Structure formats: structure tokens, C-alpha cells
Undergrad: 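Below you will find the structure I want to go over with you.
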Amino acid sequence: IYIEIYSLSLFTLYYNSPDLYFSKNPKNTMKATSFLIFLSFSLINMFAQVSPSAWLGQVGHQGKYGYINADGEEVVPVIYDNIGAFSEGMVAINLGAKEVAFLPKGGKWGFMNLDSRMVTPIVYHEVKAFQEGLAAVKEDSLWGYINKNNKLVIPYQFEAAGDFMGGLACVQENGSFKLIDTEGKHWQNFPYDKLIRVQNGLLVVAKKDWEEEAIGEDGLPSSDESYSYGIVRPNGEVVLEVKYDYIAPFQEGMAKVEWD
């Protein structure tokens, strides 16, 4: 048995044993032979429109994934080839992914809600989780943003697209990074590689120092990269030079920084 706690709201359990017993009720015990299952429990918050005490478990069996509730009932059928985490009451689901180096890759993506209702068709090449009511989706080689009604609110035009935070998202268009609002309006050119967070009216940003491509021991390509972090205002004014190894979230008007 392997147990790893990712955070207070995420708990993952892996079983790999000739005999597996899993039950909430001893009278309803399940026994399996050469059975591999994992459970990752995530507390669904108030935005999921369920009780704050409700838990959902992400389950996988024989290469298929879904979600169950605390009673063992399937909330999302265990039929998908890849699956994301719930965010704002929505979960990304995938059909057609194939296992590469023990991880599912490829396929097409769509979204389902907590009522097991398909919100979008499974047609997107890549997706990101819903944040502030919008999700970045990739069609062919370009990214755009949809809302929870599957309406394309910001057209496909970006080579890269980040999550919305504080009403802003970092995107790449024609090779340049920019900030956009939830209507797709450009705020300014953005001479950084990532928008990390928006807090107290300030933007924590990151710029890539270096990136190395290599071939791993498994023969597959891998990459390693390093970033420096800083803080700027939405108008581009630099508050803290982009040179730090780490910047923590602000608490009581102060933020911890690391610089080696």
C-alpha cells in the first residue's frame, strides 16, 4: 500500500496486491485478484453546489477513470481514458488517450458537471480547468476560452493560454505574451513568460532563465527549466525586480521571498 497526501484537500491511495478488500460496509466487501485501483479524494467546495462535507473519489480501473461518492456510487462513470480534477463544479473528461510511460496521453477532451451531464462535446485537443467561469480550450494549434454553457467567449487565437486570476490571464499571441481580461481585451504587452497569481492589485510574474531538452532513461524526451519571479503592477510598473527564486502569497500585507 502506497499513501501520499498532496494537500489538505487531496488524498491519494494506491493498492497493488493479489487480494484487495475495499468497503465502507463490512457486509459489502469486494475482493479482487491482481487488481490495481487508485482513489484520490477531493473535497468539493461550495461552488460545486453540494454539501461542503461531501467527498468525491477519483477512481481508475483497467485504464479507465471516473468519480464515485462516499457511498460508492458512480458520479462520473468509470469509462474515460483520462480525467481531470473538479473545479467550479466541472470536470474535464477524455476519450481516446493512450498510455505513454505509464501516463495517458492524447485523445480528445470535454467537460461534465456534477449531475453527470455532458456540458461540452468531447472535441478539444487540450483543456484547462475552469477558473472564474472560463476554461482555456485548444482546437488544432490555437487556444480560446469557453464558458460553462460551451459558448466560445474568446476566439481561438493564442499559441498559449493561462488560467484567469483576478480577472486577468496571460496568453501568447504571435510570439508575444500579453494580459487579457475576461472579454478578451488586451491590457498590455507582457514581457514575461508566466502570470503566477494576482493578489492585492499586484501581479506575481515569472521569466524563464533557461530550458534544457534531454532524453530520459525511458528513451522519451524530457525537459528541465528554471524561472525567476518578481512583482509588477497591471500598468507594467515593476514593484519587485524579476530575480527571485520564489515569492509566497501575501499575508497581512507581506510576502516571503527567496533569492539564492
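All values below were derived from every heavy atom in this structure, side-chain atoms included, with hydrogens, water molecules and symmetry-related copies excluded. In this chain, numbering begins with 1 at the start of the sequence shown. Quick caveat, the model's predicted, so the values are computed rather than measured.
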Undergrad: May I ask you to decide if the ring planes of F190 and Y192 are parallel, tilted or perpendicular, using 30° and 60° as cut-offs?
TA: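 Geometry flag for Y192 against F190: perpendicular rings.
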
Undergrad: Step through the shown structure and confirm whether more than 12 heavy atoms of other residues, nucleotides or ligands are within 6.0 Å of CD on Q251.
TA: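 12 or below, so no.
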
Undergrad: Flag yes if L134 and M90 sit in one hydrophobic cluster, no otherwise; membership is Ile, Leu, Val, Met, Phe, Trp, Tyr, and two members link when side-chain heavy atoms are under 4.5 Å apart.
TA: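 No; M90 is not reachable from L134 via cluster members.
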
Undergrad: Testing Q58, E73, E74 for side chain to side chain donor-acceptor pair (under 3.5 Å) with Y67, which one passes?
TA: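 It is Q58, the one option of Q58, E73, E74 that forms the side chain to side chain donor-acceptor pair (under 3.5 Å) with Y67.
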
Undergrad: Let's go through F177 and C170 carefully: what are the C-alpha distance in whole Å and the side-chain angles of both, what is the deciding distance for side chain to side chain contact (heavy atoms under 4.5 Å, CB included) to 0.1 Å, and is it a yes or a no?
TA: CA-CA 7 Å; F177 288 95; C170 177; 3.9 Å; yes

Undergrad: Tell me the closest heavy-atom pair linking V100 and K105, and the distance in Å.
TA: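 That would be CB-CG, 3.7 Å.
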
Undergrad: M112 and L56: same hydrophobic cluster, using ILVMFWY side-chain contacts below 4.5 Å?
TA: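 Per the 4.5 Å side-chain linkage, M112 and L56 are co-clustered.
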
Undergrad: State, with a plain yes or no, whether a side-chain heavy atom of I79 is found less than 4.5 Å away from one of P77.
TA: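 I79 vs P77: side chains touch.
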
Undergrad: Distance check, rounded to the nearest 0.5 Å: L168 atom CG versus K185 atom NZ?
TA: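 Between atom CG of L168 and atom NZ of K185 there are 13.0 Å.
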
Undergrad: Under 4.5 Å between side-chain heavy atoms, counting indirect links through other Ile/Leu/Val/Met/Phe/Trp/Tyr residues: same cluster for F130 and L152 or not?
TA: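 Looking at the clustering, L152 is in the same group as F130.
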
Undergrad: Drop me the distance from S87's OG to D163's CG, to the nearest 0.5 angstrom.
TA: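 Taking OG in S87 and CG in D163, the distance rounds to 8.0 Å.
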
Undergrad: Under a 3.5 Å distance rule, please check whether N200 uses its side chain to pair with a backbone N or O of L202 as donor and acceptor.
TA: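 Not at all, since once roles are kept as given, no pair shorter than 3.5 Å links the two residues.
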
Undergrad: How long is the span from the OG atom in S176 to the CD atom in E159, to the nearest 0.5 Å?
TA: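 With rounding to 0.5 Å, OG (S176) is 8.5 Å from CD (E159).
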
Undergrad: Measure the shortest side-chain to side-chain distance between K108 and V123 over non-hydrogen atoms and say whether it is less than 4.5 angstrom.
TA: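 A side-chain contact under 4.5 Å is absent here.
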
Undergrad: Within the distance-only criterion (no hydrogens, no angle test), does the side chain of E139 pair as donor or acceptor with the backbone N or O of H125 below 3.5 angstrom?
TA: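 The answer is no, because no donor-acceptor pair under 3.5 Å joins these two groups.
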
Undergrad: Using 30° and 60° as the class boundaries, would you call the ring planes of F158 and Y145 parallel, tilted or perpendicular?
TA: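 It falls in the perpendicular class, over 60°.
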
Undergrad: If only atom types and distance count, is the side chain of E173 paired as donor or acceptor with the main-chain N or O of K178 below 3.5 Å?
TA: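 Not at all, since once roles are kept as given, no pair shorter than 3.5 Å links the two residues.
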
Undergrad: Can you find a pair of side-chain heavy atoms, one from T120 and one from I146, that are under 4.5 Å apart?
TA: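 In contact.
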
Undergrad: Starting from Y65, can I reach I93 by hopping between I/L/V/M/F/W/Y residues whose side chains sit under 4.5 Å apart?
TA: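 Linked, I93 and Y65 end up in one cluster.
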
Undergrad: If you apply the rule side chain to side chain contact (heavy atoms under 4.5 Å, CB included), what do you find for K194 with Y227, and how did you get there?
TA: CA-CA 9 Å; K194 287 185 179 181; Y227 289 87; 3.5 Å; yes

Undergrad: Give a yes or no on whether the backbone of L142 and the side-chain of Q157 come within a donor-acceptor separation of less than 3.5 Å.
TA: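 No, the answer is negative, given that no donor and acceptor are paired below the 3.5 Å cut-off.
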
Undergrad: On a heavy-atom basis, which atom in F111 and which in V137 lie closest, and how many Å separate them?
TA: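 Closest pair (atom of F111, atom of V137, distance): CE1-CG1, 4.2 Å.
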
Undergrad: Can a donor-acceptor pair be found, under 3.5 Å and without considering hydrogens, that links the side chain of N235 to the backbone of E237?
TA: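 Present.
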
Undergrad: Can you name the nearest heavy-atom pair linking G84 to V91, along with the distance?
TA: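 It is O-CG2, 3.3 Å.
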
Undergrad: I need the minimum non-hydrogen distance between I196 and A206, along with the two atoms involved.
TA: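 Minimum heavy-atom separation between I196 and A206: CD1-CB, 4.0 Å.
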
Undergrad: Provide the closest heavy-atom pair for A97 versus P104 in the form atom of the first, atom of the second, distance.
TA: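 It is CB-CB, 4.0 Å.
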
Undergrad: Are K208 and E225 ion-paired here, with the side-chain N under 4.0 Å from a carboxylate O?
TA: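 Here K208 pairs with E225 in a salt bridge, since their nearest N and O are under 4.0 Å apart.
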
Undergrad: Under 4.5 Å between any side-chain heavy atoms of L95 and Y80, yes or no?
TA: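 Counting from C-beta outward, L95 and Y80 do come under 4.5 Å.
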
Undergrad: Check the pair F86, V76 against side chain to side chain contact (heavy atoms under 4.5 Å, CB included), reporting the backbone distance first and the verdict last.
TA: CA-CA 11 Å; F86 269 96; V76 176; 4.0 Å; yes

Undergrad: Would K64 and D81 pass as an ion pair if we require N to O under 4.0 Å?
TA: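 Looking at K64 and D81, the cut-off is met.
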
Undergrad: Can you check side chain to side chain contact (heavy atoms under 4.5 Å, CB included) on W143 and I154, steps first, answer last?
TA: CA-CA 9 Å; W143 290 83; I154 301 177; over 6 Å; no

Undergrad: Between OH of Y229 and CZ of R197, what distance do you get to the nearest 0.5 Å?
TA: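 Answer rounded to 0.5 Å: 9.5 Å.
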
Undergrad: Under 6.0 Å from the NZ atom of K243, do we count more than 12 heavy atoms belonging to anything else shown?
TA: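 Result for NZ/K243: enclosed.
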
Undergrad: Hydrophobic cluster membership, with links at side-chain heavy-atom distances under 4.5 Å among I/L/V/M/F/W/Y: are V232 and V257 in one?
TA: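 No, no single cluster joins them.
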
Undergrad: Specify the closest pair of heavy atoms between M118 and I122, including all atoms of both residues, with the distance to one decimal.
TA: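 Here M118 and I122 meet closest at CE-CG1, 3.6 Å.
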
Undergrad: If I take atom CG from residue L195 and atom CG from residue L203, how far apart are they, to the nearest 0.5 angstrom?
TA: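 Going from CG on L195 over to CG on L203, the span is 6.0 Å.
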
Undergrad: Backbone N or O of Y246 within a donor-acceptor pair of the K256 side chain at under 3.5 Å?
TA: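 A pair under 3.5 Å: no.
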
Undergrad: Keeping the roles fixed (side chain from N149, backbone from K151), state whether a donor-acceptor pair exists under 3.5 Å.
TA: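 Here the side-chain-to-backbone pair does not exist.
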
Undergrad: Contact between N94 and I83 at the side-chain level, heavy atoms closer than 4.5 Å - yes or no?
TA: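 Heavy-atom side-chain distance check fails, nothing below 4.5 Å.
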
